[in-house]
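This report concerns only the one structure given below.
The chain is numbered in sequence order, starting from 1. Side chains are part of it too, since the values below use all heavy atoms of this structure and drop only hydrogens, waters and symmetry mates.
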Amino acid sequence: MNKNVNTAANAKKKKKKASGPRFNVFDFLIIVTILVCIGAIVVRAIFIGSAKEEITTAHMVFEVSGISLVTADALCIAEQPIYLQSDDTWIGTVISASASAQKVWEKDETGMLQSAFHPEKKTVRAEALISGTWSEDGFLIGGTNLASVGKTFAIYTPHVSCTVTVVSVSENQ
């Protein structure tokens, strides 16, 4: 009877060994995939961390349209600081600016469109040195706001507040 108990116990041990966890090729591929993903995340974090530390300046040209003569004169003061209205941070300095009469389209006597200059509205085109970082998407003003052609954002100087449209952004030389 004792032999039968031992034989039954041995049979249970054999069944447990046969039905235990198995390691196959599918498990190996899952582990390798997880390790590759972790490695990619670490490498990307290293590159992003080093890119954000490189604060530099860029040469930006922007326009402001449809403003009064007083606002245009206040914006055309060279060497004045520029701040973002969204978070009151200094972003750069105006190098030069010039105002011109705003061009509008109106119909003549025959109904054809002709260009004319608005007597009271001005367009200012200004150049500025802007502080920020270069990323794969473009120049980030203050490291956060993308300055791409056609993008508008609100700025202010010690003399005026307005919304500008980016005309060009290039590396400062």
Looking at side-chain heavy atoms only, is the closest gap between [X] and [Y] below 4.5 Å?
X      : Y      : answer
Val169 : Val149 : no
Tyr83  : Ile155 : no
Ser148 : Val166 : no
Gln80  : Thr93  : no
Asn145 : Leu140 : no
Thr157 : Pro81  : no
Tyr156 : Asp88  : yes
Thr56  : Phe139 : yes

Do we see a donor-acceptor contact under 3.5 Å between the side chains of Asp137 and Ser135?
no
Indicate whether the side chain of His59 and that of Glu171 have a donor and an acceptor atom separated by less than 3.5 Å.
no
Using 0.5 Å steps for rounding, measure from the [atom1] atom of [X] to the [atom2] atom of [Y].
X      : Y      : atom1 : atom2 : value
Ile141 : Thr89  : CD1   : OG1   : 9.5 Å
Glu63  : Thr163 : CD    : OG1   : 14.0 Å
Cys162 : Gln85  : SG    : CD    : 7.5 Å

Please give me the minimum heavy-atom distance between Val64 and Val164, naming the atom from each residue.
CG2-CG1, 3.4 Å
